[in-house]
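The analysis underlying the following values was restricted to heavy atoms, covering all of them including side chains, and did not include hydrogens, waters or symmetry mates.
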Amino acid sequence: MTKIIIKFAISFVIIVLLQVTVFNHLVLFGVAVPMVFICWLLRLPVTLNVNWVLTCGFVLGLTVDIFSDTLGMNALTCTVAAVLRQPVLRLYFPREEDLTDPEPTIKSLGPAIYLKYLMTMTVIYCTVYFLVEAMSFFNPLRLLMCITGSSVLTFVLIAAIDSITGKQREKRL
């Protein structure tokens, strides 16, 4: 249990530092901003109590807000994503007993289910984030471009990070 807590604490610090120093400054075509830090929230163990998931989501969002100066938008959006994480996972993987590992990964869920879960949560996160940022439907085309571009960019980067970190954990003969 202590190893898991230490692992998630270290990954929290690393992912927040990467988001604040690298990914916040990476903007494609003025609309697509990668929000890679949500992979930490999505990788929390399924067996973790809902209250802890909500607390972790809020703290993650608040930490990114403090360093990014985004006035609580990430805290709100991470809390919404934390609430919807379990229902979305159950939508694609109905039985928790069949999981080989409590942490949702490509290995434990399978590539198809994990990528659907990842894409759904990324689209939910980006949609809520940009709706809160815009606070209106004044320019719906730009809003749609921001949601789509950021969702795709975030999905691709998180999938790439998962493939890199997943291969390091495999035991080699």
Enquirer: Taking only residues two or more places apart in sequence or in another chain, which ones pass side chain to side chain contact (heavy atoms under 4.5 Å, CB included) with Thr120?
Expert: Val88, Tyr92, Ile124
Enquirer: May I have all residue pairs that pass ring pair (Phe, Tyr, Trp, His ring centres under 6.0 Å) and include part of residues 102-135, sequence neighbours excluded?
Expert: Phe37-Tyr125
Enquirer: Could you tell me whether a side-chain N or O of Thr154 sits under 3.5 Å from a main-chain N or O of Met35, the two making a donor and an acceptor?
Expert: yes
Enquirer: Does a side-chain heavy-atom distance below 4.5 Å link Thr70 with Val64?
Expert: no
Enquirer: Can you tell me how far CE of Met121 sits from SG of Cys126, rounded to the nearest 0.5 angstrom?
Expert: 11.0 Å
Enquirer: May I ask you to test the Asp162-Thr105 pair for a side-chain heavy-atom distance under 4.5 Å?
Expert: no
Enquirer: Side chains of Val36 and Ile161: closer than 4.5 Å at any heavy-atom pair?
Expert: yes
Enquirer: So do the side chains of Leu26 and Val22 get within less than 4.5 Å of each other, counting heavy atoms only?
Expert: no
Enquirer: Quick one: ring pair (Phe, Tyr, Trp, His ring centres under 6.0 Å) pairs with a partner in residues 42-85, sequence neighbours left out?
Expert: none
Enquirer: With clusters defined by side-chain heavy atoms of hydrophobic residues (ILVMFWY) lying less than 4.5 Å apart, directly or transitively, does Leu18 cluster with Val33?
Expert: no
Enquirer: Can any side-chain N or O of Arg85 pair as donor or acceptor with the backbone N or O of Val53 at less than 3.5 Å?
Expert: no
Enquirer: Just by distance, do the side chain of Trp40 and the backbone of Val13 share a donor-acceptor pair under 3.5 Å?
Expert: no
Enquirer: I would like to know whether Val20 and Ser68 meet side-chain contact (heavy atoms from CB on, under 4.5 Å); could you show each step before the answer?
Expert: CA-CA 6 Å; Val20 171; Ser68 301; 4.1 Å; yes
Enquirer: Between Val46 and Pro104, is there a side-chain heavy-atom distance shorter than 4.5 Å?
Expert: yes
Enquirer: Using the rule that two of Ile, Leu, Val, Met, Phe, Trp, Tyr join whenever any of their side-chain heavy atoms come within less than 4.5 Å, decide whether Leu71 and Leu60 are in one cluster.
Expert: no
Enquirer: Whether the side chain of Thr77 engages the backbone of Asn74 through a donor-acceptor N/O pair (distance < 3.5 Å, no angle test) should be reported.
Expert: no
Enquirer: Between atom CD1 of Ile10 and atom CD1 of Ile5, what is the distance when rounded to the nearest 0.5 Å?
Expert: 12.0 Å
Enquirer: Could you give the distance from OG1 (Thr47) to CD (Glu103), rounded to the nearest 0.5 Å?
Expert: 10.0 Å
Enquirer: Going from OG1 on Thr127 to CG on Leu144, what distance comes out if it is rounded to the nearest 0.5 angstrom?
Expert: 9.0 Å
Enquirer: Rounded to the nearest 0.5 Å, what separation is found between the SG atom of Cys78 and the CE atom of Met73?
Expert: 11.5 Å
Enquirer: Would you give the length of the straight line joining atom CG of Leu118 to atom CD1 of Ile158, rounded to the nearest 0.5 angstrom?
Expert: 5.0 Å
